[in-house]
Amino acid sequence: MTEQLVRPVGSRPRSVDADLRRRARAVIPGGMYGHQSARPLPDEYPQFMRAGRGARIWDVDGNEYVDLMCSYGPIVLGHQHPAVEEAAAAQAELADCQNGPGAVMVDLAELLVRTVRHADWAIFAKNGTDATTTCVTIARAQTGRDRILVATGAYHGAAPWCTPRPAGVTTADRVNIGHYTYNDLASAQAAVAAGPEPAAIVVSPFKHDAGFDQELVDPAFARGLRELCTRIGAALILDDVRCGFRLHLGSSWEPVGVDPDLSAWSKAIANGHPLAAVLGNDAFREAAGRIFVTGSFWFSAAAMAAAVATIRALRAEHAVETMDRLGRELRAGIMAQAAARGIEVNYTGPPAMPYLTFVGDRDHQQASAFAAAAMRNGAYLHPRHNWFISAAMTQAELGRALVATEAAFAAVGEART
Ligand SMILES: Cc1ncc(COP(=O)(O)O)c(C=O)c1O
């Protein structure tokens with residue numbers, strides 16, 4: 001991407017995007033589907049993207065933005081990180097999808113086992129849903145039990161057992177799913193007591209339900225879940241798909257001092273290349289070897305080479321510390337802007353994965369006005385989903401994002417008067 005392509009945001013009509021949307025409506029159900037559908041977003045959001053470099057992205061019409069969504073999590077080192085792209089290309093040149101996995105699969109499994117404290121083994125797949133579903137399958141195979149406990153409102157993927165949308169889901173798909181409240185150990189104990197005994201309790205590193213203020217984990221809750229699972233012989237499954245390698249170079253609960261039995265990973269582990277992983281401890285190794293899970297592309301070597309390079313670069317570049325620092329600066333800047341205008345906001349979550357809501361904001365109207373104005377001014381963030389900061393963001397890009405959020409607060413202030 002050359003600098004010549006950079007245009008002030010909004011300087012170009014969205015003609016390419018509009019034409020692609022029109023064509024998509026004819027050949028893609030609903031015009032688009034899933035979490036990347038721009039339909040529920042303000043008009044300012046392009047549907048189709050063209051390119052990314054570091055912390056900057058361009059839509060198909062050539063408008064440039066500072067990226068505060070990072071492809072909804074996969075980009076952690078910045079777009080097109082040179083070492084990651086080189087490793088993936090070198091492997092792809094040999095071969096990617098073959099009759100057997102490449103040697104890099106063993107290299108990656110060894111690296112993950114060295115990097116993540118609770119991991120004694122690894123299984124690879126493609127998407128986060130593959131990983132969470134495989135964790136659940138291993139827990140059921142190990143315990144001979146059916147029931148799984150999840151936190152109300154938590155997202156663990158798009159399979160029938162966990163998708164948030166009911167269309168096409170049967171009662172049978174959900175009959176073995178029970179619920180507890182995040183950070184409320186008594187509710188998990190009550191869900192267990194209601195029986196039958198669960199095969200697993202699934203939990204995310206912090207509460208990051210879309211559209212709601214985020215809640216960091218209470219360490220006592222994490223420890224309590226660990227003790228509960230150990231006492232009843234259930235697996236503690238940590239869904240690290242969204243947070244993994246953004247908050248800690250290891251499992252996200254290592255700083256809390258709590259190790260799960262199984263953990264699900266995807267998004268950031270290969271800096272945008274398609275890969276997921278299930279990591280587990282020795283107690284679950286036998287069941288993990290007994291279940292049958294696979295996929296035509298689960299053994300592809302290029303994404304595994306990208307993951308090895310990603311993990312090495314995360315360490316070498318102190319990426320977790322960088323994201324935390326940048327996130328703190330962004331938070332300080334945004335909170336100062338809100339305070340200067342007397343706008344009451346909640347800025348929640350870890351610094352590297354923040355989320356902004358407006359006090360008393362019904363139906364996310366102010367959040368949408370804020371996001372739309374941020375987009376017009378060159379910062380790509382989201383009104384109903386947590387944001388992601390990559391380690392590639394420079395001070396200049398952070399400053400540019402803050403110029404956009406300043407304009408966005410002004411737009412919210414005007415809408416209120
Ligand atoms: C916590 C969590 N678990 C699981 C998933 C599912 O991952 P995927 O969309 O790759 O299937 C996601 C995706 O956003 C997620 O955030």
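Computed from a predicted model, the values in this text were never measured in an experiment.
The ring pair (Phe, Tyr, Trp, His ring centres under 6.0 Å) analysis of residues 317-357, with sequence neighbours excluded, yields no pairs. Annotation: salt bridge (Lys or Arg N to Asp or Glu O under 4.0 Å) contacts involving residues 75-96, sequence neighbours excluded, are absent. Sorted by first then second residue, the ring pair (Phe, Tyr, Trp, His ring centres under 6.0 Å) pairs that include residues 117-172, not counting sequence neighbours, number zero. Sorted by first then second residue, the ring pair (Phe, Tyr, Trp, His ring centres under 6.0 Å) pairs that include residues 223-247, not counting sequence neighbours, are F245-W265.
Remark: E344 CD is loosely packed, at most 12 non-hydrogen atoms of other residues, nucleotides or ligands lying under 6.0 Å away. Summarising the local packing, CZ of R331 is surrounded by more than 12 heavy atoms from other residues, nucleotides or ligands at distances under 6.0 Å.
Smallest separation of non-hydrogen atoms from K267 and R242: CD-CA, 3.9 Å. Between M375 and P46, the closest heavy-atom pair is CE-CD, 3.5 Å. Shortest non-hydrogen contact noted between D61 and D17 is OD2-N, 3.1 Å. Summarising the geometry of R145 relative to I232, their closest heavy-atom pair is NH2-O, 2.7 Å, with the distance given to 0.1 Å. Listed here is the closest heavy atom pair of L108 and L275: CD2-CD2, 3.7 Å.
At a cut-off of 3.5 Å, with distance as the only test, no side-chain donor of E215 or T348 sits close to an acceptor on the other residue. There is a side-chain donor-acceptor pair under 3.5 Å between Q395 and E329. Donor-acceptor pairing under 3.5 Å is lacking for the side chains of T132 and D239. A donor atom on one side chain and an acceptor atom on the other are not found under 3.5 Å apart for S251 and E254. In summary, the side chains of N281 and D120 do not present any donor paired with an acceptor at a separation below 3.5 Å, with no hydrogens or angles considered. No hydrogens or angles considered: a donor-acceptor pair under 3.5 Å links the side chains of D213 and N346.
Exactly one of L279, I138, L236 qualifies for a side-chain contact (heavy atoms from CB on, under 4.5 Å) with D261. That residue is L236.
Under the 4.0 Å criterion applied to side-chain N and carboxylate O atoms, E286 and R290 are assigned as salt-bridge partners. Ion pairing between D43 and R14 fails under the 4.0 Å rule for side-chain N and carboxylate O.
Taking S204 as the reference, Y182, H208 meet the side-chain contact (heavy atoms from CB on, under 4.5 Å) condition, with sequence neighbours excluded. Partners of I343 by side-chain contact (heavy atoms from CB on, under 4.5 Å), not counting sequence neighbours, listed by chain and number: R341, V345, F358, F409, V412, R416.
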